[in-house]
Every structure is written in structure tokens, then in C-alpha cells.
Amino acid sequence: MAPFFTQYSVEKNPPAYEEYSFELPELYRQIAKEELREDDSVRESSLVEMRQWIANNPYIRKCRTDAKFLLRFLRFQKFSVPLACEALERYLSVRELYPIWFKQLDCNDKTMKEILEYDPLTYLGQDSAGRMVMLLRFGRFHAEKHTALQDGRYIAMLMDTILEWEEVQIGGCQVLIEYEGCTAASFEKWSSSELKLAMDLCSQSYPLRYGEIHAFGLPKFGVPAVETLLAFTNPKLRDKIKCHSSVTGLEKFIEPTMKPREYGGAVDLNQLNHAFRKRIEEQREITLGLDQMEIDVEHYASVWEEKEPLSMEATADVLFNPLNIE
């Protein structure tokens, strides 16, 4: 692998920082101000404070400190520097504690290329509210050919890719999930421990801001697995999830300009998938370069072992209450 790009140095005290420039459309400046409390002054002072905290932290040995990377966490926590630092620690910890899931996420890997060719996740674009809209077709994860671990690594690679996009950091995302083509094996290959780690990835360890999440056509044999998954979801995110009994109606949640032909629009889904794969490939070195970050694994293992995503009472409440499917 080529050396990590200079502008994304993982050294804690690089000689100088490239001056940050906000280059997104005005819509995102407005969202950043109104929803995240971000302006030029807050951004600059928060970056200085967070960099100083990283430099003084004896348990973080190597970490990216460029603006684009740190803004993932500052925007996620609405510019509360203490909370952003905690989110960074959690992100670094999960990568180091579970390297088999989160390291060497190479889009050129044979298995990763196979999953990419099935196109289980499609980036539909940014809607008029500035949100990234992602379409997850769960049935396109191969039930027998790929393991839950391999599917999870694919999701982690995509998360690291899209979190480099500032429009996603600010606007957040809407996720549409459809279950057509699923079999019992699609769900049975996921153990409860793998479901817990996958939900930790999506809802806690990776700093992605979620809007609405709509799921369509969940088959009865998939309900137990999804209920187990929801048991590991924090309540705030769980409240954003809506389940619909049929795929009919999914098109209502996609704006006309980004609606694929399969859902009543004019957009070529194959072209969208091709463009998405190309963008993933263009960011390959940046994604792989994240592996150069280092922490004191022993210290953080003891810290995060004490932190559970849900209490036992909350877990039981989910497990013994069926999904509210509309």
C-alpha cells in the first residue's frame, strides 16, 4: 500500500494544519448552523481544542487530526468537544478491539469485490433536505456464499467511505431497507454477538447522523433476528425506525429526481451503483490509511467493557414486544 496521504497524517503533532475551507452549497452551511451549532468561529476553536486533547492523551498514539476527520465527531456531537472526544475514543477502540471486522477494509479484496457486485447498498443521492439517501436491499447479501463477518466488513468499509463526505457529516442520512429475495438463511447466519457488534457499528461507534429509517416487507422468519438487533439499539435511534408490511409504498420516500426505475422513477440503478463503486475505489487509500492509527488497546479494552449499549431491562423490553409493523 502506498504511504498515507500527507494531508491525512496520523501523527499526533504534524508540523502544520492545512487551513480549512467550507466548500459545500449554502444549504449545508444553514443546516450546520441551525442543527449543529456550527459556524466558522465555533469550528476553528473546536478543532484547536480537540487537537490539543489528542496531543495530550497518553492512550492515543497515532490519530488523524486533519479537519475533515475530526469534524466527523464534532458534527456528530453538535460541537460538544468532550462528547466528540469520547466518540473518537469509541471509534478508535472498536477498530482496535475488533480488527478482524474493521481493519484492512480493501475494496480490491476478492470477497469485497464480490459483495460490491451484488449491490446490496446503493447511494441514491442527496435529497432536498440535504440528507444522503441510502437504499439497502437485504436480499442481495448472499445467504450462503458470504458470512456475517464478511457482510459486516463490507458495511464498515462503506461507513468509512461515506463519513469522509462532509455533506453526509452535516446532512445525515435516510435509510430505506427492503427485504425482497431474502431467505431464512439470510438471517440465520447472524449470531446474536454479530448482531450486537453490527448495531454497535451502525449506531454508536461510527459517527453517522440518522434521520428516518424505513424497512419494507420484512418476512415473518426474519422477525426474531431483527428484534434481537433492535435489542442492541439505543432508544433514540430505535424511535426513528419504522417497519412497513409491504414493499409497496417505498417509492413514496424517494424524491422524484433520485427515484430508480424499479420504484417508479427514471433513474438507472445500475448507473448509480457504478458511480458509487467508483467513488469507493477512489477513496481506497484513505480508507486503508485509517489502519495506521494506534491506541493503547489494553487501556481502552478495560474502559469499554464497562459500557453496554442497553440495560438488561431495555433489552428485555424490546425482545418481548413484537415489532410494530405498519
>> Checking I295 against R61 for the side chain to side chain contact (heavy atoms under 4.5 Å, CB included) test, could you report, in this order, the C-alpha distance in whole Å, the side-chain angles of both residues, the deciding distance, and whether it holds?
In response: CA-CA 5 Å; I295 62 170; R61 295 168 180 163; over 6 Å; no

> Can Y59 and E298 be said to form a side chain to side chain donor-acceptor pair (under 3.5 Å), step by step?
Replying inline: CA-CA 9 Å; Y59 303 113; E298 185 175 339; over 6 Å; no

>> Set out, in order, the CA-CA distance, both residues' side-chain angles and the distance that settles salt bridge (charged side-chain N to carboxylate O under 4.0 Å, His left out) for R29 and D40, then state yes or no.
In response: CA-CA 10 Å; R29 189 181 291 275; D40 294 343; 3.6 Å; yes

> For D119 and R137, what are the C-alpha separation, side-chain angles and deciding distance, and is it a salt bridge (charged side-chain N to carboxylate O under 4.0 Å, His left out)?
Replying inline: CA-CA 8 Å; D119 298 314; R137 293 180 289 175; 5.2 Å; no

>> Test side chain to side chain contact (heavy atoms under 4.5 Å, CB included) on L290 and F69; report intermediate values, then the result.
In response: CA-CA 10 Å; L290 295 167; F69 179 73; 4.1 Å; yes

> Checking side chain to side chain contact (heavy atoms under 4.5 Å, CB included) for the pair R51/T65: CA distance, chi angles, key distance, verdict?
Replying inline: CA-CA 6 Å; R51 285 167 177 155; T65 51; 4.1 Å; yes

>> I'd like to know whether D200 forms a side chain to side chain contact (heavy atoms under 4.5 Å, CB included) with Q204, so could you lay out the CA-CA distance, the side-chain angles of the two residues, the decisive distance to 0.1 Å, and finally the verdict.
In response: CA-CA 5 Å; D200 185 270; Q204 296 195 87; 3.5 Å; yes

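Residues D160 and R95 are paired through a salt bridge, judged by an N-O separation under 4.0 Å between the basic side chain and the carboxylate. By the 4.0 Å N-to-carboxylate-O rule, D66 lies close enough to R64 to be salt-bridged with it. Under 4.0 Å is where a charged nitrogen must lie from a carboxylate oxygen, and between D39 and K33 at least one such pair does.
Counted within 6.0 Å of CD on E294, heavy atoms from surrounding residues, nucleotides or ligands total more than 12; the atom is thus considered enclosed. Within a 6.0 Å sphere centred on NZ of K113, heavy atoms belonging to other residues, nucleotides or ligands number 12 at most. For E44, the CD atom sits in a loose shell: 12 or fewer heavy atoms of surrounding residues, nucleotides or ligands are nearer than 6.0 Å. Within 6.0 Å of the CD atom in E26, the count of heavy atoms belonging to other residues, nucleotides or ligands exceeds 12.
Among E167, E212, R209, the single residue meeting the side-chain contact (heavy atoms from CB on, under 4.5 Å) criterion with R131 is E212. With L121 as the fixed residue, the side-chain contact (heavy atoms from CB on, under 4.5 Å) test singles out one of I162, L158, N273: L158. Just one residue in the list F76, Y300, Y206 forms a ring pair (Phe, Tyr, Trp, His ring centres under 6.0 Å) with Y91, and that residue is Y206.
No chain of hydrophobic side-chain contacts below 4.5 Å, direct or via other Ile, Leu, Val, Met, Phe, Trp or Tyr residues, connects F276 to L124. Both L195 and F221 belong to a single network of hydrophobic side chains, linked directly or stepwise wherever heavy atoms of I, L, V, M, F, W or Y lie under 4.5 Å apart. Under the 4.5 Å side-chain heavy-atom criterion for grouping Ile, Leu, Val, Met, Phe, Trp and Tyr, I177 is not connected to L135 through any hydrophobic cluster. Both Y20 and V81 are assigned to one and the same hydrophobic cluster, defined by single-linkage of ILVMFWY side chains at heavy-atom distances under 4.5 Å. L105 and L163 fall within the same hydrophobic cluster, defined by Ile, Leu, Val, Met, Phe, Trp and Tyr side-chain heavy atoms under 4.5 Å apart, directly or through other members.
Nearest approach of K78 to R37, heavy atoms of both residues: O-NH2, 3.1 Å. The minimum heavy-atom distance linking L71 with E166 is given by the pair CD1-OE1, 4.1 Å. Minimum interatomic distance between E96 and V297 (heavy atoms only, all atoms of both residues): OE1-CG2, 3.8 Å. Scanning both residues, M132 and V168, for their nearest heavy atoms gives SD-CG2, 3.7 Å. Scanning both residues, S205 and R90, for their nearest heavy atoms gives OG-CG, 3.5 Å. The minimum heavy-atom distance linking R153 with I100 is given by the pair NH1-O, 2.9 Å.
The ring of H244 has its center no closer than 6.0 angstrom to the ring center of Y179. The aromatic ring centres of F141 and Y118 sit 6.0 Å or more apart.
Counting only heavy atoms from C-beta outward, the side chains of M112 and D106 never approach each other to under 4.5 Å. The closest side-chain heavy-atom distance from N270 to H274 is not below 4.5 Å. Between K236 and Y210, every side-chain heavy-atom pair lies at or beyond the 4.5 Å cut-off. At least one side-chain heavy atom of L116 sits less than 4.5 Å from a side-chain heavy atom of M157. Between E194 and S191 there is a side-chain heavy-atom pair separated by less than 4.5 Å. Using a 4.5 Å cut-off on side-chain heavy atoms (C-beta onward), L88 and M50 make contact. Side-chain contact between D151 and K189: present, with at least one pair of heavy atoms (C-beta onward) separated by less than 4.5 Å. I31 places a side-chain heavy atom less than 4.5 Å from the side chain of L27.
Here the straight-line distance linking atom SG of C107 with atom CZ of R279 works out to 14.0 Å at 0.5 Å rounding. In this structure, Q174 CD and L176 CG are separated by 5.0 Å, a value rounded to the nearest 0.5 Å. Of the inter-residue distances, the one linking C182 atom SG with R140 atom CZ reads 11.5 Å to the nearest 0.5 angstrom. With values rounded to the nearest 0.5 angstrom, R238 atom CZ is found 12.0 Å from I213 atom CD1. Within the model, atoms CZ of R43 and CG of L74 stand 10.5 Å from one another, a figure rounded to the nearest 0.5 Å. To the nearest 0.5 Å, atom CZ of residue R261 and atom CG of residue L269 are 9.5 Å apart.
Between the side chains of W165 and Q283, at least one donor N or O sits under 3.5 Å from an acceptor N or O. With no hydrogens or angles considered, no side-chain donor-acceptor pair links R72 and Q169 at under 3.5 Å. No side-chain donor from either of S46 and E49 sits under 3.5 Å from a side-chain acceptor of the other. Side-chain contact of Q126 with Y28: a donor-acceptor pair under 3.5 Å is present, judged by distance alone.
For S246 (side chain) and T248 (main-chain N/O), a donor-acceptor pair under 3.5 Å exists by modelled atom type. A side-chain donor-acceptor contact under 3.5 Å links Q150 to the backbone of T147. A donor-acceptor distance shorter than 3.5 angstrom exists from the side chain of E255 to the backbone of S128, with no hydrogens or angles considered. Counting only distance, with no hydrogens or angles, the side chain of S302 and the backbone of H299 share a donor-acceptor pair below 3.5 Å. Looking only at distances, a side-chain donor or acceptor of E178 sits under 3.5 Å from a matching main-chain atom of E180.
The aromatic rings of F253 and H214 sit tilted, their planes meeting at an angle between 30° and 60°.
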